[in-house]
Amino acid sequence: PICHPLLWLPEEKGVAISDDFLAIVSPRTTREFSRPYLEQIAAAFGGVTVHSCGSINHAVRELNQVEGLAGLNFSSTETDLQRLAAEVDPRIVLVVHCTDVHRADLLQLTALQHIELCRRIFAEGRVRGICTAFPCGVDPDPARDAEAWRAAATIA
């Protein structure tokens, strides 16, 4: 799988970084080792948006405490979006993509299923988010998929 590029930063300020260790370390380790550096980076650049491959559900409470954290970039097939949206500080913008990799307890989503999941979670209004949809394991066929993609892209 590839790490998806960051397509958003708040008010054209800040910096985006990747901290894939968030997925494999404890909340305590996040608090003691990642948080101080994320805060230093945020202070130096006017904010920080963090990407992490893997599930970051277990780290969300610690990430909520990061001063200057503007956004989280992750995959809806690795991090439980519904659970994270319920726990994340609503000031943090979610930049959500999907990949061919998925946790055993999460469904492997097609790009259209991913869009619908994001639409449902964001429509609830608790969190702000951006849904990026790169085809997940299949190339779209414009002749077959154009109407479905158009419908998925329409904001409800």
Side-chain angles (χ1 to χ4, degrees), residues 1-109 111-137 152-153 155-156:
I2 61 169
C3 288
H4 292 282
L6 184 70
L7 303 173
W8 173 88
L9 285 172
E11 301 175 21
E12 298 188 25
K13 66 178 182 176
V15 66
I17 66 166
S18 183
D19 186 352
D20 289 342
F21 287 111
L22 289 173
I24 60 171
V25 299
S26 70
R28 178 179 167 206
T29 300
T30 297
R31 178 177 54 254
E32 292 179 10
F33 293 98
S34 291
R35 182 178 171 189
Y37 294 107
L38 291 174
E39 289 177 344
Q40 287 178 21
I41 293 167
F45 289 94
V48 64
T49 296
V50 178
H51 165 82
S52 186
C53 290
S55 176
I56 59 171
N57 285 112
H58 66 283
V60 71
R61 289 193 178 104
E62 290 302 327
L63 292 170
N64 283 340
Q65 304 305 311
V66 174
E67 189 73 33
L69 182 64
L72 291 172
N73 178 325
F74 58 90
S75 170
S76 65
T77 57
E78 297 175 279
T79 293
D80 184 332
L81 175 57
Q82 184 162 347
R83 192 174 123 214
L84 187 124
E87 297 176 359
V88 73
D89 184 318
R91 294 174 294 177
I92 298 170
V93 175
L94 307 182
V95 183
V96 190
H97 60 274
C98 63
T99 67
D100 294 333
V101 176
H102 66 98
R103 276 185 5 201
D105 63 331
L106 293 177
L107 295 175
Q108 178 64 47
L109 301 175
L112 291 175
Q113 290 168 326
H114 162 73
I115 291 167
E116 288 302 321
L117 173 66
C118 291
R119 176 184 282 160
R120 182 174 52 80
I121 299 298
F122 299 154
E124 292 172 0
R126 188 188 175 293
V127 295
R128 295 178 300 142
I130 297 166
C131 181
T132 60
F134 301 94
C136 303
I155 302 299

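Worth knowing before you read on, the calculation uses all heavy atoms, side chains too, and leaves out hydrogens, waters and symmetry mates.
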Practice task
Verify, without hydrogens or angle tests, whether Asn57 (side chain) and Asp80 (backbone) share a donor-acceptor contact under 3.5 angstrom.
Solution key: yes
Completion exercise
Closest non-hydrogen contact found for Leu22 with Ala59 is O-CB, 4.3 Å
Problem - pair Ile41-Val15: side-chain heavy atoms closer than 4.5 Å - result: yes
Exercise for the section: Look only at the side chain of Ser75 and the backbone of Thr77, and say whether a donor-acceptor pair between them is shorter than 3.5 Å. Expected result: yes
Exercise for the section: Applying side-chain contact (heavy atoms from CB on, under 4.5 Å), run through Val96 and Ile130 and close with a yes or a no. Expected result: CA-CA 6 Å; Val96 190; Ile130 297 166; over 6 Å; no
Exercise for the section: Show your working on side chain to side chain donor-acceptor pair (under 3.5 Å) between Asp19 and His51 and close with a plain yes or no. Expected result: CA-CA 6 Å; Asp19 186 352; His51 165 82; over 6 Å; no
Fill in the blank from the handout: Rounded to the nearest 0.5 angstrom, the CD-CD distance for Glu39 and Gln65 is 9.0 Å
Practice task
Could you tell me the separation between the CD1 atom of Ile56 and the CG atom of Asn73, rounded to the nearest 0.5 Å?
Solution key: 8.5 Å
Problem - Pair Glu116 + Arg120: basic N to acidic O under 4.0 Å - result: no
Handout entry: Spacing of Cys53 atom SG and Phe74 atom CZ [to the nearest 0.5 Å]
Key = 12.5 Å
Problem - Side chain proximity check, Ser18 to Val50, heavy atoms < 4.5 angstrom - result: no
Exercise for the section: For atom CD of Glu67, decide whether the heavy atoms of other residues, nucleotides or ligands shown that lie under 6.0 angstrom number more than 12. Expected result: no
Practice task
Compare every heavy atom of Ala85 with every heavy atom of Val127, then report the nearest pair and how far apart it is.
Solution key: CG1-O, 3.5 Å
Handout entry: Short side-chain to backbone donor-acceptor contact, Thr79 and Leu84, under 3.5 Å
Key = no
Exercise for the section: Using a 4.5 Å cut-off on heavy atoms from C-beta on, say whether the side chain of Leu63 contacts that of Val88. Expected result: no
Exercise for the section: Would you indicate whether Arg126, at its atom CZ, is surrounded by more than 12 heavy atoms from other residues, nucleotides or ligands within a distance under 6.0 Å? Expected result: yes
Fill in the blank from the handout: Taken to the nearest 0.5 Å, the spacing of Thr29 OG1 from Arg31 CZ works out to 8.5 Å
Handout entry: Side-chain heavy-atom pair Arg128, Leu94 within 4.5 angstrom cut-off
Key = no
Handout entry: Leu106 side, atom CG; Ser76 side, atom OG - distance, nearest 0.5 Å
Key = 8.5 Å
Practice task
Answer whether the closest heavy-atom distance between the side chains of Val95 and Leu72 falls below 4.5 Å.
Solution key: no
Handout entry: Close side-chain approach of Cys131 and Phe122, heavy atoms under 4.5 Å
Key = yes
Problem - Salt bridge Arg103-Glu78, side-chain N to carboxylate O under 4.0 Å - result: no
Handout entry: Interatomic spacing from CG in Leu38 to OG1 in Thr49 - rounded to 0.5 Å
Key = 11.0 Å
Exercise for the section: May I ask you to decide if Glu62's main-chain N or O and Arg35's side chain share a donor-acceptor pair within less than 3.5 Å? Expected result: no
Exercise for the section: Report yes or no: does Asp89 contribute a side-chain atom to a donor-acceptor pair with the main-chain N or O of Arg61 at less than 3.5 Å? Expected result: no
